[in-house]
Amino acid sequence: MRRDRSSRVPLRRSLLGRLLGVSALVAACSVAATAWLAVQTTSGAIKQEQGQNLAADARIYDTLLGYAARHPTWDGVDATVRELAEQSGRRVALTTQSRQPLADSATAATPPALPPEASAVVDPLSVDTVLAARSTEGQGTAADRIDPRAVGPFLLPAAERAALRRTADRNAECLNRVGVAADVVVGPSGRPRVQMVGNDPERALGTRCDPSDLDAPTRTEKKALTALNELADACLKRQDRGGVRLNRDLSWGEGAVAVPVPGPLPAPRPAPLPSDAREAGPAPAVEPPREFTGEDDRAIASCVGTARSEQLSSYVASPALLFIGDEGGATVPGFDLSPANTAKIAGAAALVLALTVGASVLAGARLVRPLHALTGAAQRMRDGEEHASVPVSGDDEIGRLAAAFNGMSAHRARLEEQRKAMVSDVAHELRTPLSNIRGWLEAAQDGLADPDPAFVSSLLEEAVQLQHIIDDLQDLAAADAGVLRLHPEPVRVGELLTQVAAAHQARAETAGVTLTVVAGAAAMVRADPVRLRQAVGNLVSNAVRHAPAGGRVTLRAYGDGSFGAGTGSASGAGEVVIEVADTGTGIPAGDLPYVFDRFWRAEKSRSRRTGGSGLGLAIVRKLTEAHGGTVSATSKEGKGSTFTLRLPAGGPDGMTTAS
């Protein structure tokens with residue numbers, strides 16, 4: 001049993017394998033590109049939204065931090081919370097550290113539960129430096145975690161504020177008069193200070209404007225600074241360290257009174273201070289300054305910070321938890337490519353890839369199935385089957401290929417039949433004259449026939465018939481091989497038709513057929529006159545042979561589209577048309593496509609009653625094509641046939657030599 005070789009083609013070399021590989025590659029690239037684009041777009045959008053939310057959160061945090069720094073309790077903060085929520089479009093909620101509600105902007109009757117983690121802790125004595133740094137209004141720093149707006153006992157009364165403001169205004173006006181741009185800035189405690197444009201204090205040197213009037217602490221500031229110093233000394237005493245005297249900016253060392261301690265005295269280092277503390281007046285120096293060790297500095301700084309927190313604790317609100325989210329209870333959006341999210345993305349990509357490969361398998365199977373059928377049919381034809389066809393499944397490219405293959409297969413089968421018939425016909429056509437010649441010669445050899453002139457004439461007639469068949473076959477072989485030689489020259493078509501008619505006149509008269517020529521003298525072509533006469537002569541011979549007694553054969557020549565009755569002139573037309581029409585029996589419509597095939601004859605039997613070898617019309621087609629023209633036939637049964645030659649027209653240079 002013969003196997004189809006196409007079934008043994010490896011998958012990696014087959015069309016289906018390549019289709020699957022390309023589809024999988026395209027799908028993988030598409031999924032990767034889509035995922036990358038989605039991640040980039042989503043990440044950018046989330047980062048932008050996060051940045052906007054963080055900026056809004058920082059403003060909310062800073063506003064509530066300022067409220068806590070200026071109020072000892074959270075009473076009355078509801079209005080501020082609602083205003084912040086309206087400005088940001090978010091839900092803002094405050095609770096105590098034990099999560100007891102203080103204020104909530106949620107409008108629902110039953111507010112959604114707060115998230116387990118707070119957005120921030122609002123404590124003016126312990127500022128969140130990250131949120132404070134993002135705020136455009138916050139003034140806290142990483143080194144000083146006490147909000148500068150928490151001034152407590154350093155808050156100046158109205159009388160002291162007014163006196164200091166008048167002094168500051170005078171200093172600013174004085175600086176402006178001498179060309180130094182200056183302005184008055186008021187701190188959270190109400191203490192004004194003169195700020196020069198460019199922040200360069202040395203520009204005021206040499207002027208009569210003395211800003212030192214603002215350096216002296218007021219009575220309120222002295223009292224607060226003394227209380228702070230006592231709290232810091234108490235802290236140092238608990239560590240068995242000597243007390244210090246704090247300067248106006250809460251530094252110690254130069255100008256401060258201290259209790260001597262053993263050991264070397266390094267250079268003093270000021271503790272980090274808020275702006276309001278720097279506005280307090282300096283303490284009077286009563287003892288020579290001394291230096292402190294690094295350990296002393298750290299201990300003093302810690303005690304000063306503790307003392308400030310203790311001093312301000314009763315002036316600021318207690319720490320509160322801040323929750324910021326949307327009305328539905330969600331918090332700030334984020335993007336977390338966790339293992340679960342990664343697994344989801346991978347699963348989606350695998351699903352898309354599987355669907356793509358599945359669709360490719362189905363499409364590839366439908367594409368490859370008819371190709372396999374075509375391959376099998378071609379192999380069957382190669383193995384000797386005369387006709388193999390495949391089913392035509394549609395009107396697409398594969399369907400049209402299958403239809404073309406079926407047409408080719410049918411044409412091949414028809415050619416094979418013609419080849420077999422041609423071999424048989426050639427053998428038959430050659431056998432008849434050869435048999436006659438052999439028979440006469442054997443009879444003469446045996447003394448049964450007398451080699452008289454009639455005997456010789458009969459042998460010569462058979463030899464001439466044999467020579468005609470051989471010449472026709474030789475001409476067809478030369479035309480098929482493309483080596484048919486032509487010797488073109490200007491030919492007057494009318495004269496050529498007259499010569500052909502004269503050559504066949506005797507045969508026509510014998511058959512009782514009338515020959516007529518209708519052609520203009522001006523119609524010319526550039527052709528091989530011998531070959532053209534041969535082609536037209538074959539048509540005339542065929543027409544006379546099939547015309548009944550009393551019939552008519554007409555030869556016409558005219559330029560395409562310009563023929564007038566009895567004129568026949570090319571008149572510069574694109575081609576010259578030669579027609580040979582007869583009034584014979586005609587050709588059935590089913591036989592017309594085959595009249596120019598070799599050895600085709602209307603007389604299907606091998607009787608030679610009508611004469612001819614079946615090669616004449618085939619030679620006409622080959623000679624016409626060699627001249628660059630075409631030949632066709634039309635016929636109606638019982639009314640006759642018309643054979644038409646169309647040749648390129650032109651003068652002496654209208655045609656080149658064909659070979």
Side-chain angles (χ1 to χ4, degrees), residues 467-505 515-544 553-564 567-581 595-598 612-613 615-634 642-659:
Q467 183 66 43
H468 278 312
I469 295 175
I470 294 174
D471 289 343
D472 289 345
L473 291 174
Q474 188 176 9
D475 289 342
L476 288 174
D480 289 338
V483 295
L484 183 64
R485 286 183 171 272
L486 297 179
H487 302 282
E489 60 183 58
V491 176
R492 295 185 180 275
V493 179
E495 294 179 1
L496 185 140
L497 296 185
T498 302
Q499 295 171 3
V500 173
H504 290 80
Q505 187 65 41
L515 279 178
T516 304
V517 177
V518 181
M524 293 186 64
V525 293
R526 185 174 177 81
D528 187 328
V530 176
R531 293 297 187 182
L532 187 56
R533 275 196 299 270
Q534 180 183 0
V536 177
N538 285 354
L539 292 178
V540 172
S541 176
N542 185 71
V544 170
V553 175
T554 304
L555 285 71
R556 298 187 184 93
Y558 57 89
D560 187 16
S562 63
F563 174 66
T567 59
S569 174
S571 302
E575 58 187 7
V576 172
V577 180
I578 300 174
E579 290 183 354
V580 177
V595 294
F596 294 103
D597 291 346
R598 299 170 187 180
S613 62
L615 297 176
L617 294 181
I619 293 176
V620 170
R621 182 176 65 177
K622 289 296 183 179
L623 292 177
T624 305
E625 291 175 351
H627 283 83
T630 60
V631 61
S632 61
T634 59
T642 301
F643 289 83
T644 304
L645 279 69
R646 294 180 177 273
L647 301 173
D653 298 327
M655 178 180 175
T656 58
T657 302
S659 61

Over all heavy atoms of both residues, which pair between Ala519 and Gly494 is shortest? Give the atoms and the distance, please.
CB-CA, 3.7 Å
Is any side-chain heavy atom of Phe643 less than 4.5 Å from a side-chain heavy atom of Asn542?
yes
Are any non-hydrogen side-chain atoms of Asn538 and Leu617 less than 4.5 angstrom apart?
no
Please give me the minimum heavy-atom distance between Leu515 and Ala501, naming the atom from each residue.
CD1-O, 3.5 Å
Locate the shortest heavy-atom distance separating Pro529 from Leu496; write the atom from each residue and the value.
O-CD1, 3.9 Å
Test item: Val553 and Thr516 side chains (from C-beta on) under 4.5 Å apart, heavy atoms
no
For the residue pair Leu555 and Val540, establish whether any side-chain heavy-atom pair is separated by less than 4.5 Å.
yes
To the nearest 0.5 Å, what is the distance between CZ (Phe596) and OG1 (Thr624)?
8.0 Å
Counterpart residues, side chain to side chain donor-acceptor pair (under 3.5 Å), relative to Gln499 (two or more places apart)
Arg533
Measure the spacing between CG of Leu647 and OG1 of Thr630 and express it to the nearest 0.5 Å.
8.0 Å
May I ask you to test the Val631-Thr644 pair for a side-chain heavy-atom distance under 4.5 Å?
no
Validation row: His627, Asp528 side chains within 4.5 angstrom (heavy atoms):
yes
Rounded to the nearest 0.5 angstrom, the CE-CZ distance for Met524 and Arg492 is 5.0 Å
Verdict with supporting geometry, Ile578 and Arg556, side-chain contact (heavy atoms from CB on, under 4.5 Å)
CA-CA 6 Å; Ile578 300 174; Arg556 298 187 184 93; over 6 Å; no
So do Leu623 and Gln534 actually touch side chain to side chain, heavy atoms under 4.5 Å?
yes
Closest approach of Ala535 and Val620, non-hydrogen atoms and distance?
O-CG2, 3.4 Å
Enter the distance from Tyr558:OH to Glu575:CD here, rounded to the nearest 0.5 Å.
9.0 Å
Positive for side chain to side chain contact (heavy atoms under 4.5 Å, CB included) with Leu645, one of Val525, Val493, Leu539
Leu539
Taking every non-hydrogen atom, the tightest pair across Ala626 and Leu486
O-CD1, 3.4 Å
Restricting to non-hydrogen atoms, name the atom on Val580 and the atom on Ala543 that form the minimum distance, rounded to 0.1 Å.
CG1-CB, 4.1 Å
Quick check for you: to the nearest 0.5 Å, what is the distance between Thr554 atom OG1 and Glu579 atom CD?
10.0 Å
Any chance you could measure Arg531, atom CZ, to Arg485, atom CZ, to the nearest 0.5 Å?
11.0 Å
